[in-house]
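Worth saying up front: this structure is predicted, and the values here are computed from it rather than measured.
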Amino acid sequence: MAANEDQEMELEALRSIYEGDLCFRELSPVSFQYRIGESGDPKAFLIEVSWPETYPQTAPVISMDAFFNNTISSAIKQSILDKLMVEVEANLGTAMTYTLFEYAKDNKEVFMENQPVNTVTSVSNSISIGTPDVPPSKKKEKKEQLSKTQKRKLADKTDNKGELPRGWNWVDVIKHVSIFKLSFSTVRKICKKE
């Protein structure tokens, strides 16, 4: 099989496997990104795999230069790339993009064990260089204001725990049955008279 046919088959497989997966992103028919970890996770990282024309007979180009990875030290990035290249050598000649993404997902904790968690610097700290760090004032959330009558009605409806009593929104069955009975009995009387 030609390299282009192998690429087309792998592309089709990747699209079907990762359909709806928010971590996967197809940049072009020969370039893909996959986010390893949740977006809020400080140890999450992004892998980009690009296929050269002779892929899968030659190794894909693996990159971690995405902006998403700016908080990761270059030593950790190089360590991840080295481990992924070992996996590439083991799978050379076969479709391996899925294998690389899954290998990275399975070994995320091992890859990121030496990555410090607090490497992110906030924009507000970089802007306020030279001024003392003053914690921002905490604003209390405003609760909905109720009038006295609204509070009274709410208190009348609820028990001492603030919960509505069981069946508060049920239909008054007795009232409906008595109305139905009355109208039914009226119909009977009319029928008897005739």
Side-chain angles (χ1 to χ4, degrees), residues 14-28 31-48 64-73 76-77 80 98 101-102 104-194:
L14 287 172
R15 285 177 177 163
S16 65
I17 291 170
Y18 291 118
E19 182 180 353
D21 189 347
L22 299 177
C23 295
F24 178 76
R25 190 167 153 208
E26 181 181 336
L27 302 176
S28 73
S31 184
F32 312 93
Q33 284 183 341
Y34 197 86
R35 184 183 72 232
I36 310 298
E38 298 301 316
S39 57
D41 185 3
K43 293 193 174 191
F45 58 94
L46 192 79
I47 297 175
E48 185 173 328
M64 290 189 67
D65 294 333
F67 182 76
F68 188 86
N69 296 331
N70 279 352
T71 59
I72 301 172
S73 70
I76 299 290
K77 286 182 192 177
I80 293 171
Y98 173 78
F101 291 155
E102 291 302 309
K105 282 180 6 184
D106 293 343
N107 295 297
K108 173 189 170 239
E109 294 302 319
V110 175
F111 290 167
M112 300 299 283
E113 67 186 355
N114 295 327
Q115 173 68 18
V117 178
N118 297 330
T119 58
V120 178
T121 57
S122 67
V123 175
S124 63
N125 286 346
S126 63
I127 291 173
S128 62
I129 294 175
T131 60
D133 290 335
V134 179
S137 61
K138 294 182 180 179
K139 293 184 180 181
K140 294 182 181 178
E141 292 183 29
K142 288 189 173 184
K143 294 183 180 179
E144 183 182 344
Q145 297 293 325
L146 300 175
S147 66
K148 283 185 179 181
T149 53
Q150 288 173 325
K151 290 178 185 176
R152 209 173 285 130
K153 285 181 182 177
L154 186 62
D156 289 342
K157 288 181 183 177
T158 59
D159 59 4
N160 61 350
K161 295 178 187 174
E163 296 177 3
L164 295 169
R166 183 170 181 256
W168 69 272
N169 61 348
W170 293 356
V171 176
D172 188 359
V173 176
I174 305 298
K175 185 177 179 183
H176 282 325
V177 169
S178 65
I179 291 172
F180 180 71
K181 187 177 178 183
L182 177 67
S183 62
F184 195 68
S185 62
T186 309
V187 170
R188 257 197 249 152
K189 288 180 185 177
I190 294 172
C191 290
K192 285 183 181 180
K193 288 183 183 178
E194 294 178 3

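- Listed here is the closest heavy atom pair of G37 and C23: O-SG, 4.4 Å.
- For Y98, the OH atom is loosely surrounded, since the number of other residues' heavy atoms within 6.0 Å does not exceed 12.
- With values rounded to the nearest 0.5 angstrom, L14 atom CG is found 11.5 Å from D21 atom CG.
- Exactly one of I80, I76, L46, I47 qualifies for a side chain to side chain contact (heavy atoms under 4.5 Å, CB included) with N69. That residue is L46.
- Counting heavy-atom neighbours within 6.0 Å of E38 CD, excluding the residue itself, gives a total of 12 or less.
- Using a 4.5 Å heavy-atom cutoff, the side chains of I72 and M112 are in contact.
- Residues satisfying the salt bridge (charged side-chain N to carboxylate O under 4.0 Å, His left out) criterion with D41, sequence neighbours excluded, are K108.
- A donor-acceptor contact shorter than 3.5 Å is absent between the side chain of E19 and the backbone of S16.
- In this structure, the side chains of F45 and K77 stay at 4.5 Å or more apart for every pair of heavy atoms.
- Going from atom CZ of F68 over to atom CZ of R35 covers 5.5 Å, rounded to the nearest 0.5 Å.
- Between F32 and F101, a ring centre-to-centre spacing not shorter than 6.0 Å is recorded.
- With a 4.5 Å cut-off on side-chain heavy atoms, Q33 and F24 do not count as touching.
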- Would E48 and D65 count as a side-chain contact (heavy atoms from CB on, under 4.5 Å) if you check the C-alpha gap in whole Å, the side-chain angles of each, and the deciding distance to 0.1 Å? CA-CA 8 Å; E48 185 173 328; D65 294 333; over 6 Å; no

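- Remark: K151 engages no residue in a salt bridge (charged side-chain N to carboxylate O under 4.0 Å, His left out) (not counting sequence neighbours).
- The main-chain N or O of I17 is never found under 3.5 Å from a side-chain atom of R15 such that the two would form a donor-acceptor pair.
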